[in-house]
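Input: a single structure, listed below in structure tokens.
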Amino acid sequence: IRLPPEVNRILYVRNLPYKITAEEMYDIFGKYGAIRQIRKGNAPDTKGTAFVVYEDIFDAKNAVDHLSGFNVAGRYLIVLYYQPHKMQKKADLAA
């Protein structure tokens, strides 16, 4: 199976409820495969965002396919593949 080039094991999640716990995140994202790490944003400009790192790229793709638009506590998740070059451009603009 060939995957599109943007597909990778690291997902960038936006629009999370601020009060979501790590356990709740593992419950939601863990349904799609083994998770290596979840990092939630704590700074004012990163609140409501997280990085979810899967062990397997196919699990990450499955999670994106199923969890984009998923309703958590009245908020619809935005689940994207982490794209370092795009994130870097944003950081450069903010500096």
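Position 1 is the first residue of the sequence; numbering continues from there.
- Side-chain contact between Leu3 and Phe58 is present, with at least one heavy-atom pair separated by less than 4.5 Å.
- Here the side chains of Leu67 and Val13 are not in contact, with every heavy-atom distance at 4.5 Å or above.
- The shortest non-hydrogen separation linking Thr49 to Leu16 is C-CD1, 3.8 Å.
- Ring geometry for Tyr32 against His66 counts as parallel: the plane angle stays under 30°, on a 0 to 90° scale with 60° as the upper cut.
- Judged by distance alone, with hydrogens and angles left aside, the side-chain atoms of Arg36 form no donor-acceptor pair with the main-chain N or O of Val53 at under 3.5 Å.
- Contact between Gly30 and Ile35 at its shortest, heavy atoms only, is N-CD1, 3.5 Å.
- For an aromatic pair to be called close, the ring centres must be under 6.0 Å apart, and Phe70 with Tyr76 fails this.
- Taking each heavy atom of Val79 and Ser68 in turn, the nearest pair found is O-OG, 3.2 Å.
- Residues Lys61 and Val7 share a closest heavy-atom pair of CB-CG1, 4.2 Å.
- For the residue pair Met25 and Val52, the shortest heavy atom distance occurs at CE-CG2, 4.1 Å.
- Between Ile20 atom CD1 and Leu77 atom CG the span is 7.0 Å, to the nearest 0.5 Å.
- Contact record, Asn15 with Arg75: OD1-NH2, 2.7 Å, taken as the closest heavy-atom pair.
- A donor-acceptor contact shorter than 3.5 Å links the side chain of Tyr54 to the backbone of Phe29.
- Counting only heavy atoms from C-beta outward, the side chains of Leu11 and Tyr81 approach each other to under 4.5 Å.
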